Student: 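Please find one structure pasted underneath; my questions will follow.
A, B, ... follow the sequence lines: proteins, then strands. Residue 1 opens every chain. Computed from a predicted model, the values in this text were never measured in an experiment.
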Protein chains: 2
Amino acid sequence: MRHVAALAGVGVKTVSRVINGEPNVSAATIAKVEAAARTLDYQPDLHAGNLRRADGRTRTLGLLVGSVDNPFSGAVHRAVEDAALARGVSVFASSLDDDPDREQEAVSAFLRRRVDGLILTTISESQAYLAPELRRGTPVVFVDREPAGLTSDAVVSDNSDGAALATRHLLEHGHRRIAYLGDRHDIQTARERHRGYLDELGRAGVSTRGQQVVEGLHDEATSRAATLALFDVPNPPTAIFSSQNLVTIGVIRALRELGRQHDTALVGFDDVPLGDLLEPGVTVVAQNPQAIGRIAAERVFARLDGDASVAARTIVPTRLLERGSGEIAPRAEG
Amino acid sequence: MRHVAALAGVGVKTVSRVINGEPNVSAATIAKVEAAARTLDYQPDLHAGNLRRADGRTRTLGLLVGSVDNPFSGAVHRAVEDAALARGVSVFASSLDDDPDREQEAVSAFLRRRVDGLILTTISESQAYLAPELRRGTPVVFVDREPAGLTSDAVVSDNSDGAALATRHLLEHGHRRIAYLGDRHDIQTARERHRGYLDELGRAGVSTRGQQVVEGLHDEATSRAATLALFDVPNPPTAIFSSQNLVTIGVIRALRELGRQHDTALVGFDDVPLGDLLEPGVTVVAQNPQAIGRIAAERVFARLDGDASVAARTIVPTRLLERGSGEIAPRAEG
DNA sequence: TGTCGCCTTGACAACGATGTCAGGGATAGG
DNA sequence: CCTATCCCTGACATCGTTGTCAAGGCGACA
């Protein structure tokens, strides 16, 4: 800026005025400054300005997701970005791989960079460590998973309800041996989905005792192996409820290998790419990551604009997409 | 930091020393400062430090991709993030939707935030506008697409070669009417793939005149419509080469609708999620987005570490994945 | 015991910008 | 012609941090 001022033959403050479009600068001066700025390819330093600026906003947002190459996370990210773009806000994204240590580090990295707000998919047991930051006025919105040890806005799917919906769908198609394949138990949504599954069995008066329940699955490989193991017992399940997209994919692979994709029902939680093009099509309880991301970003901006209402939990509905795999009838018993 | 200093009863510079782990601070002082910092939940302001720090690094990277919710972009993003994490660098990501105006805006937003380096999937006709920034010493690495009007590092797939590989594969399976479905002609990789396709037909002595070539496809919907139209002529193609992942998905949908997925060969450029689980499996020329992202990030960091060698183009090999759709024989002619 | 040198510490300027404020020129009104 | 007002402009302090430098305290060594 000093250089631009020198080249234009004006003071730095005048350059600042022109750059920021402040009033009361003569047309001739504006022209001189703009010419100088163009000549020097000047880009103002937003961070330096921020140091002094009244509102102290960096026009920056921090987003924490499972992994930026997971389709669910990607959709959330894109929705957040679109909302941010309209306000000239840039987005930092970080992948957690559901590792609590990475969460702490990433949040800390964001705070040191003075992001205006945080949108988080948490994995740590408690987010109480964010309380001071929240008090300081940084909006924090949780997506996909609800916070623990802290009260703040959250935008989530109805996990237990969605899981119950999936389970009911299988029950209605006559299944009584419905295996549950789930993610790690330290993930809140996984627990919720597990609960929804158990509750629905209970409501239907179906014993939860005889059901095969496998938790702790986190990727395609472990899920595939677990599915293969399901069929190593005398009375294998006639239906499977898989509680996460990567788990669902592992199940599909295993069923193909066993040649059982047409005689074992499957409903997944969270949509699977091209799920409608597989044979059979994959019946899923689909979430709405676009809406989740958009609403979360809107919450953050509303808070920044002064909305001081109490923290709210927004539930984004899930939807059952019947595509074939969930409508397979139970095998006739031997 | 003033507050921490006051609470600890020391000077600000001493706090700075403790925070940055500089030597020559007594153990007692370190303890006092750390206690005060913990009490106040102090997070140093990285940007303020940067203003004064000698190296002027923000430990920040800007990444421009087609869209953060495209699987190819997501994989690149994740690889860049992993490389950055190891160096304490945070990543800004922006989606372009292949819109040149958004490119300019996003780059400008990154530069105003003083990113240490840029990793770009460009869409603008010329990137000459980056020359001053490059001279200023900001490393710029192009991924997926090569720069025009500017010389800088690039990490790309061999597009024409991959397209030729796909075309040759179809020729070897006996096809002579091979339709080309491609992306917008203003995208450099699309032009390259188109060229590879034509060149290979030429090498095989197959006339390019009678082939159906459709360009300007950019999403599933337009691709699906274009595919349906291919079959509205007397002698429809017996094989299709689709030059991009979304285009490939549109083709698959259309072929299903027509019931021709088992009698029309298909090879796609760029992998499709779950492509191996479809029936038939989707034969593709797969790129390696993980390697592209990783190598690009390594180039940026090497430049930041002082590597001043001439700009290099790194070509990441493509790989033909035979899964069924590309190995379908031509229909017997009437 | 005096001097030297090391360790520890803080005062101060500076990074690149903006908020505040005051000064100077032009214009209008008395 | 003088003065009040408005417009335009730049000097200066400041944001939160780090680089520089000098000073004070203490132990070691002659």
Student: Using the ring pair (Phe, Tyr, Trp, His ring centres under 6.0 Å) rule, collect all pairs that involve residues 3-57 of chain B, keeping only residues at least two apart or in two chains.
Tutor: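 Ring pair (Phe, Tyr, Trp, His ring centres under 6.0 Å) check on residues 3-57 of chain B returns A:H47-B:H47.
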Student: Which residues pass the side chain to side chain contact (heavy atoms under 4.5 Å, CB included) test with A:T314, not counting sequence neighbours?
Tutor: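 Partners of A:T314 under the side chain to side chain contact (heavy atoms under 4.5 Å, CB included) test: A:V155, A:I295.
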Student: Does the side chain of A:D307 pick up a donor-acceptor pair with the side chain of A:S309 at under 3.5 Å?
Tutor: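 Yes.
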Student: Would you give a per-nucleotide map of nucleotides 12-22 of chain C, 5' to 3', where B means the base has a protein non-hydrogen atom under 4.0 Å away, S means only the sugar-phosphate does, and - means neither?
Tutor: -BBBBSBBB--
Student: Just to verify, what does A:E133 make a side chain to side chain contact (heavy atoms under 4.5 Å, CB included) with, not counting sequence neighbours?
Tutor: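 Residues passing side chain to side chain contact (heavy atoms under 4.5 Å, CB included) with A:E133: A:L111, A:R136, A:T138.
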Student: Where along residues 25-32 of chain B does a heavy atom fall under 4.0 Å from DNA chain C?
Tutor: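 Per residue number, the list reads B:V25, B:S26, B:T29.
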Student: Does A:T14 have any side chain to side chain donor-acceptor pair (under 3.5 Å) partners at least two apart in sequence or in another chain, and if so, which?
Tutor: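 Partners of A:T14 under the side chain to side chain donor-acceptor pair (under 3.5 Å) test: none.
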Student: Quickly work out the B:N24 CG to C:dG10 P distance and round it to whole Å.
Tutor: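 Nearest whole value for this atom pair: 14 Å.
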Student: Is there any salt bridge (Lys or Arg N to Asp or Glu O under 4.0 Å) pair reaching into residues 106-132 of chain B, and which pairs are they, with sequence neighbours excluded?
Tutor: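 Listed by first then second residue: A:D45-B:R114.
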Student: For A:R59, what residues pass the side chain to side chain donor-acceptor pair (under 3.5 Å) criterion, not counting sequence neighbours?
Tutor: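 Side chain to side chain donor-acceptor pair (under 3.5 Å) list for A:R59, sorted by chain: empty.
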Student: Not counting sequence neighbours, which residues clear side chain to side chain contact (heavy atoms under 4.5 Å, CB included) with B:S26? List them please.
Tutor: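 By the side chain to side chain contact (heavy atoms under 4.5 Å, CB included) rule, B:S26 matches B:A28, B:T29.
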Student: How bent is the helix from C:dT1-D:dA30 to C:dG30-D:dC1, comparing axes over its five end pairs at each side, to the nearest 10°?
Tutor: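 Roughly 60° between the end axes, to the nearest 10°.
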Student: Which residues pass the ring pair (Phe, Tyr, Trp, His ring centres under 6.0 Å) test with A:F301, sequence neighbours left out?
Tutor: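 In terms of ring pair (Phe, Tyr, Trp, His ring centres under 6.0 Å), with neighbours along the sequence ignored, A:F301 is linked to no residue.
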Student: What residues form a ring pair (Phe, Tyr, Trp, His ring centres under 6.0 Å) with B:F110, not counting sequence neighbours?
Tutor: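 For B:F110 the ring pair (Phe, Tyr, Trp, His ring centres under 6.0 Å) partners, ignoring immediate neighbours, are B:F92.
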